[in-house]
J.: 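Here it is, the structure in full.
Starting from 1, each residue takes its place in the sequence as its number.
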Amino acid sequence: MKHSWNIILPLAAVLGILSSKPANSQINSKPNIIIIYTDDQGYGDVGALNPDAKFLTPNMDKIAHEGVIFSDGHSSDAVCTPSRYSLLTGRYSWRTSLKKGVLDADGPSLIEEGRMTIASLLQDNGYNTAMIGKWHLQMEFAGTLGKDRDWSVPFEEGPIDHGFDYFYGIPASMNYGILTYLENDRVLDPPVLWTKKKDVTDPRSFQNHVNPNDYRMTPPYVDEVGEGGGWVEVAPSFNDELVLETLTSHAVDYIDKAAIESKNGKPFFLYLPLTSPHLPHSTHPDFRGLSECGNYGDFMQETDFRVGQILDALDANDIANNTLVIFSSDNGAETNYTYHQKVYNHYSNLTFKGGKRDIYEGGHRVPYLMRWPDKIKSGSRVDIAVSQTDYLATVAAIVGVALPDNAGEDSYDLLPLMLGKSTASDVRGAVIHHSVTGHFAIRDGKWKLNMLRGSGGSLQPVFVETKSGEPIYELYNMEVDPGEMRNLFDQYPEVVKQLTAKITKIISNGRSTPGAPQDFVKSDWPQLTWMKVE
């Protein structure tokens with residue numbers, strides 16, 4: 001297949017003087033930047049963070065050991081779509097119309113027209129930009145589901161409309177949506193067939209345990225929708241167990257080509273959101289049976305191998321030293337983490353409570369690693385709470401650009417922490433957490449206040465009995481109780497009052513960073529039990 005990389009020939013020299021350099025931005029040459037973003041990987045799913053992990057992650061460990069570990073790093077949400085929005089825009093997704101949950105594959109993009117992304121910022125500042133992987137911020141396809149589809153028509157509102165020169169990947173998750181590969185604004189193989197979740201049995205199941213959450217979207221496919229719901233449009237050529245291999249091979253190919261211009265003064269940005277270890281755990285045949293954690297562990301070891309292929313490509317092109325590699329996950333581990341604890345003694349959420357979807361730490365405290373050999377000292381560690389919203393301001397500082405008031409409203413510059421020039425907590429303000437049901441928590445220093453409502457859903461608030469619909473508040477001292485076991489709400493009313501005032505201001509001002517207040521979508525917001533947004 002011929003790839004339309006759309007890499008522009010370099011200018012006569014590195015682009016001219018950059019505007020309004022922040023005082024803490026003293027980078028001599030602009031690095032290549034790669035963000036590797038896994039899907040549903042828990043904090044304990046990296047060997048460098050969990051020495052008792054039941055599978056091997058030598059390449060993720062390499063990033064950790066040769067760079068900096070942010071031990072208190074968080075996705076902005078506990079589920080997929082909102083975290084991806086926040087990573088790219090530096091803005092909490094609950095400021096948009098998406099107040100809870102995730103989006104589909106087909107529909108208007110959550111990223112507003114004209115909003116700055118990491119890609120558009122870097123594109124405007126002399127970078128080649130590419131995305132290879134899972135989008136899941138919606139894009140618009142011609143026609144409607146199962147009716148008048150026209151797959152020959154270019155889709156709209158995809159990555160190339162938000163700052164990426166090149167895109168190759170899939171629209172959303174592999175358990176629903178549209179299963180086919182896309183390139184730039186085109187569908188490569190029309191998804192004219194149908195599939196749905198298929199039960200599978202792990203032949204290596206431990207003591208006859210079969211993970212109740214395991215399934216596949218594997219062929220064979222059918223021509224027409226059958227009985228029941230859950231049917232997904234799929235291309236005849238699509239094979240779920242080959243997705244990681246396919247995405248990584250395209251990423252390596254891109255690096256090989258972009259490295260040439262990188263050495264001539266035009267660096268590249270590659271956003272690589274992988275599809276693993278999100279269900280279905282569709283492990284490539286070459287990696288089955290390698291771990292001590294069943295199919296999930298095998299899938300994680302394949303994921304780590306793919307990360308290694310990216311690192312190897314940097315070495316092969318002699319560009320590793322001036323390439324910033326950021327590694328993280330969009331939220332905590334899927335609920336089958338409890339099965340892995342019981343059967344394999346593997347703790348994806350380490351010692352944290354909860355997992356994907358939850359307001360508790362296991363829902364959003366994730367691997368948060370960076371390697372940049374030219375600038376980041378090996379073996380570095382930062383223990384201050386940070387968010388993936390901070391990537392935008394950090395990248396802006398690296399390239400020497402000041403963010404306008406209407407961009408990166410929740411993004412803090414982490415460069416001083418990365419470079420070891422500061423260890424102070426005042427580098428970063430309060431961090432806001434958000435659950436699948438749209439409820440909030442605020443983390444400020446050692447204190448975390450969970451602001452819940454009702455006792456249903458996946459939040460499982462167990463410490464405060466309440467009538468259905470009444471607010472629940474939980475206060476934890478994260479320095480001594482990171483597992484959120486002892487609710488101190490009744491003991492520190494002054495702390496609760498301070499944190500409530502702070503989160504109210506952060507929501508009402510449309511930003512958490514200094515700057516002019518910004519507008520946001522204020523309607524249909526029942527989760528704000530303690531305030532009214534005017």
J.: Going by side chain to side chain contact (heavy atoms under 4.5 Å, CB included), Gln388 matches just one of Ser86, Ser328, Ser76. Which one?
T.: Ser328
J.: Check whether the side chains of Ser411 and Asp390 place a donor and an acceptor atom closer than 3.5 Å, and report yes or no.
T.: no
J.: Given side chains that start at C-beta, do those of Asp39 and Leu274 come closer than 4.5 Å, heavy atoms only?
T.: no
J.: Under a 3.5 Å cutoff, is there a donor and acceptor pairing between the side chains of Asp77 and Ser83?
T.: no
J.: Is a side-chain donor-acceptor pair under 3.5 Å present for Thr129 with Asp165?
T.: yes
J.: How far apart are the closest heavy atoms of Leu499 and Ile442, and which atoms are they?
T.: O-CD1, 3.8 Å
J.: Ignoring hydrogens and geometry, is there a side-chain-to-backbone donor-acceptor pair from Thr117 to His162 under 3.5 Å?
T.: yes
J.: Salt-bridge test for Glu484 and Lys353: reply yes if a basic N is under 4.0 Å from a carboxylate O, no otherwise.
T.: no
J.: Apply side-chain contact (heavy atoms from CB on, under 4.5 Å) to residues Trp447 and Met478 and explain how you reach the verdict.
T.: CA-CA 6 Å; Trp447 294 110; Met478 302 302 290; over 6 Å; no
J.: Just by distance, do the side chain of Asp150 and the backbone of Ser152 share a donor-acceptor pair under 3.5 Å?
T.: yes
J.: Does a side-chain N-to-carboxylate-O contact under 4.0 Å join Arg95 and Asp410?
T.: yes
J.: His136 and Tyr176: aromatic ring centres closer than 6.0 Å?
T.: yes
J.: Do Ser523 and Val521 have side chains that approach each other closer than 4.5 Å (heavy atoms only, starting at C-beta)?
T.: yes
J.: With a 3.5 Å cut-off and no angle check, do the side chains of Tyr476 and Glu361 form a donor-acceptor pair?
T.: no
J.: Which atom names give the shortest non-hydrogen contact between Gly143 and Asp148, and what distance separates them?
T.: CA-OD1, 3.3 Å
J.: Counting neighbours of NZ on Lys100 that are heavy atoms of other residues, nucleotides or ligands and sit closer than 6.0 Å, is the number greater than 12?
T.: no
J.: Under 3.5 Å, is there a donor-acceptor pair between the side chain of Ser348 and the main chain of Gly44?
T.: no
J.: Test side-chain contact (heavy atoms from CB on, under 4.5 Å) on Lys356 and His364 and set out the steps.
T.: CA-CA 7 Å; Lys356 178 179 179 179; His364 45 80; over 6 Å; no
J.: Apply side-chain contact (heavy atoms from CB on, under 4.5 Å) to Phe269 and Asn128, showing your working.
T.: CA-CA 6 Å; Phe269 167 55; Asn128 287 313; over 6 Å; no
J.: Please check: side-chain N/O of Asn184 versus main-chain N/O of Phe167, any donor-acceptor pairing under 3.5 Å?
T.: yes
J.: Take Phe268 and Tyr127 through the ring pair (Phe, Tyr, Trp, His ring centres under 6.0 Å) test and state the conclusion after the steps.
T.: CA-CA 5 Å; Phe268 67 85; Tyr127 275 69; 8.4 Å; no
J.: Which pair of heavy atoms, one from Asp524 and one from Lys99, lies closest together, and at what distance?
T.: O-CG, 3.6 Å
J.: Spell out, as yes or no, whether a donor-acceptor pair under 3.5 Å connects the side chain of Glu241 to the backbone of Ser282.
T.: no
J.: What is the minimum heavy-atom distance between Asp330 and Asp40, and which atoms define it?
T.: OD1-N, 2.9 Å
J.: List the steps and the verdict of side-chain contact (heavy atoms from CB on, under 4.5 Å) for Tyr296 and Leu279.
T.: CA-CA 9 Å; Tyr296 182 79; Leu279 287 163; over 6 Å; no
J.: Is the ring centre of Phe520 less than 6.0 Å from the ring centre of Trp94?
T.: no
J.: Is atom NZ of Lys198 surrounded by more than 12 heavy atoms (other residues, nucleotides or ligands) closer than 6.0 Å?
T.: yes
J.: Hey, mind stepping through Phe70 and Phe327 against ring pair (Phe, Tyr, Trp, His ring centres under 6.0 Å) and telling me if it holds?
T.: CA-CA 11 Å; Phe70 286 83; Phe327 179 90; over 10 Å; no
J.: Looking at every heavy atom in both Glu157 and Trp135, which two are closest together, and how far apart are they?
T.: O-NE1, 3.9 Å
J.: Is it true that Asp413 and Arg428 have a side-chain N and a carboxylate O under 4.0 angstrom from each other?
T.: no
J.: I'd like to know whether Trp530 forms a ring pair (Phe, Tyr, Trp, His ring centres under 6.0 Å) with Tyr473, so could you lay out the CA-CA distance, the side-chain angles of the two residues, the decisive distance to 0.1 Å, and finally the verdict.
T.: CA-CA 10 Å; Trp530 72 95; Tyr473 299 95; 7.5 Å; no
J.: Within a reach of under 6.0 Å around CD of Glu156, are more than 12 heavy atoms found that belong to other residues, nucleotides or ligands?
T.: no
J.: Cationic tip of Lys197 within the cone over Tyr215's six-membered ring, i.e. under 6.0 Å and within 45° of the normal?
T.: yes
J.: List the atom of Lys134, the atom of Ala172, and the distance in Å for their closest heavy-atom pair.
T.: CG-O, 3.6 Å
J.: Hey, is NZ on Lys502 packed in by over 12 heavy atoms from elsewhere, all under 6.0 Å?
T.: no
J.: Between Tyr181 and Tyr168, does the ring centroid distance fall short of 6.0 Å?
T.: yes
J.: List for me each residue that meets side chain to side chain contact (heavy atoms under 4.5 Å, CB included) alongside Ser249, sequence neighbours excluded, and say none if there are none.
T.: none
J.: Would you check if the side chain of Asn509 reaches a backbone N or O of Ile506 as a donor-acceptor pair within less than 3.5 Å?
T.: no
J.: Quick one: does Thr513's side chain have a donor or acceptor within less than 3.5 Å of a partner on Glu409's backbone?
T.: yes
J.: Here's a test for you: under ring-ring contact (aromatic ring centres under 6.0 Å, His included), which of Tyr368, Tyr271, Tyr412 qualifies with Tyr391?
T.: Tyr368
J.: What do you reckon, are the aromatic ring centroids of His434 and Phe440 less than 6.0 Å apart?
T.: yes
J.: Look at the side chain of Arg511 and the backbone N and O of Ala516, then say whether any donor-acceptor pair between them is shorter than 3.5 Å.
T.: yes
